[in-house]
Undergrad: 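Dropping the structure in here first, questions after.
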Amino acid sequence: MNEETQEFMIIGKDGKEQQCRVVFTFDAEDKSYVLFSLLDETGQEIPGDLSAMTFDYDDNTGEMTNLQPVETDAEWEMINEVVLTLLDEFEEEPQLITVTDEEGKDQVCEVIHTFSSEQFGKSYVLYVPATDEPIDERDIFAAQYIAGNEGQIEELYPIESDEEWEFVEEVLNTL
């Protein structure tokens, strides 16, 4: 294994060498596992092509040795659980803000994007009501905002001009 890039070679089912890149390694049930992605001929990861193998760790060289296929469905289920747990841990918590609507009612909302405009000299936020609905089924709202000392959203203000709305809509369309 190449330690700098964390890449290694395996022999595929077709008998050809396949370059792989380590995503992460972990130990479970007295075995070591490596989750890896396959690389194309140019060294780029093949999207969505992840796999796993067991390995032994050579204390002398610091390399993975004796790569073996995962043998049982129970191991695959455990690997999937580990991956899902890690994804949950790395997923950022949504930034929540409280917005007071026109009727004076407070509503908790989830920030989906913040950005600034040099042209208008303002910062803007796109947000949706915080619900369990899929994000693409919720109404998206926009406002300008004043940031606090640590960049958090302190005060919301309405967007004032048609030109600003056009700018905000352009940003929204690129997301």
Side-chain angles (χ1 to χ4, degrees), residues 1-99 107-116 125-141 145 147-154 171-175:
M1 182 172 111
N2 179 333
E3 284 299 318
E4 284 96 44
T5 58
Q6 296 191 3
E7 294 178 359
F8 62 95
M9 296 289 259
I10 60 171
I11 304 298
K13 291 179 183 176
D14 58 4
K16 295 182 182 177
E17 286 188 337
Q18 174 67 56
Q19 187 75 15
C20 304
R21 181 169 295 141
V22 173
V23 175
F24 70 89
T25 61
F26 65 97
D27 295 325
E29 300 172 10
D30 298 326
K31 288 187 180 181
S32 295
Y33 294 89
V34 58
L35 183 71
F36 60 91
S37 59
L38 301 178
L39 304 180
D40 64 19
E41 304 79 36
T42 66
Q44 300 298 311
E45 290 186 16
I46 301 170
D49 213 345
L50 292 176
S51 193
M53 297 182 93
T54 63
F55 71 94
D56 294 326
Y57 184 77
D58 185 326
D59 290 327
N60 296 323
T61 64
E63 293 190 11
M64 292 186 306
T65 61
N66 194 28
L67 288 161
Q68 297 292 319
V70 174
E71 296 174 353
T72 67
D73 288 340
E75 282 182 292
W76 279 114
E77 288 176 24
M78 180 269 306
I79 291 167
N80 284 334
E81 275 188 45
V82 168
V83 169
L84 291 174
T85 300
L86 286 172
L87 288 174
D88 283 345
E89 287 179 17
F90 286 114
E91 191 173 285
E92 284 186 35
E93 289 294 317
Q95 181 181 0
L96 300 176
I97 57 175
T98 301
V99 177
Q107 180 173 12
V108 176
C109 294
E110 181 180 338
V111 173
I112 58 173
H113 189 61
T114 59
F115 54 100
S116 298
V125 59
L126 300 174
Y127 59 94
V128 295
T131 67
D132 290 335
E133 290 181 72
I135 205 159
D136 58 347
E137 293 179 14
R138 295 184 250 172
D139 291 330
I140 299 174
F141 298 93
Y145 74 92
N149 293 338
E150 297 177 18
Q152 75 278 14
I153 297 171
E154 291 263 321
V171 171
L172 178 61
N173 290 333
T174 64
L175 298 178

Undergrad: Do Asp139 and Val128 have side chains that approach each other closer than 4.5 Å (heavy atoms only, starting at C-beta)?
TA: no
Undergrad: Has Glu81 got more than 12 heavy atoms of other residues, nucleotides or ligands less than 6.0 Å from its CD?
TA: no
Undergrad: Could you check if a side-chain atom of Phe8 sits within less than 4.5 angstrom of a side-chain atom of Met64, using non-hydrogen atoms only?
TA: yes
Undergrad: Could you verify whether a donor N or O on one side chain and an acceptor N or O on the other, from Ser32 and Asp27, lie under 3.5 Å apart?
TA: yes
Undergrad: Taking atom CG of Asn173 as the centre, report whether more than 12 heavy atoms of other residues, nucleotides or ligands fall under 6.0 Å from it.
TA: yes
Undergrad: So His113 and Val171, do their side chains get closer than 4.5 Å, heavy atoms only?
TA: yes
Undergrad: Which distance, rounded to the nearest 0.5 Å, do you find between the OH of Tyr57 and the CG of Asn66?
TA: 15.5 Å
Undergrad: Residues in side-chain hydrogen bond (donor to acceptor under 3.5 Å, both in side chains) with Thr114, at least two apart?
TA: none
Undergrad: Are the side chains of Val111 and Ile153 in touch, meaning some heavy atoms are under 4.5 Å apart?
TA: yes
Undergrad: Locate the shortest heavy-atom distance separating Val70 from Ala52; write the atom from each residue and the value.
TA: CG2-O, 3.5 Å
Undergrad: Are side-chain heavy atoms of Glu29 and Met78 found at a separation under 4.5 Å?
TA: yes
Undergrad: For the residue pair Ile10 and Met53, establish whether any side-chain heavy-atom pair is separated by less than 4.5 Å.
TA: yes
Undergrad: Is there a side-chain contact between Ile97 and Val99 (heavy atoms, below 4.5 Å)?
TA: yes
Undergrad: Cut-off 3.5 Å, side chains only: do Glu75 and Tyr33 have a donor facing an acceptor?
TA: yes
Undergrad: Once you measure the plane-to-plane angle for Phe26 and Phe24, does it fall in the parallel (<30°), tilted (30-60°) or perpendicular (>60°) bin?
TA: tilted
Undergrad: Using the side-chain contact (heavy atoms from CB on, under 4.5 Å) rule, pick out the option among Thr25, Val22, Val34, Val23 that qualifies with Gln6.
TA: Val22
Undergrad: Check the pair Glu7 / Gln19 against side-chain hydrogen bond (donor to acceptor under 3.5 Å, both in side chains), numbers first and verdict last.
TA: CA-CA 7 Å; Glu7 294 178 359; Gln19 187 75 15; 3.0 Å; yes
Undergrad: Check this for me: does any side-chain nitrogen of one of Glu133 and Arg138 sit under 4.0 Å from a carboxylate oxygen of the other?
TA: no
Undergrad: Report the residues that fulfil salt bridge (charged side-chain N to carboxylate O under 4.0 Å, His left out) with Glu154, sequence neighbours left out, ordered by chain and then residue number.
TA: none
Undergrad: More than 12 heavy atoms of other residues, nucleotides or ligands under 6.0 Å from CG of Asp132: yes or no?
TA: no
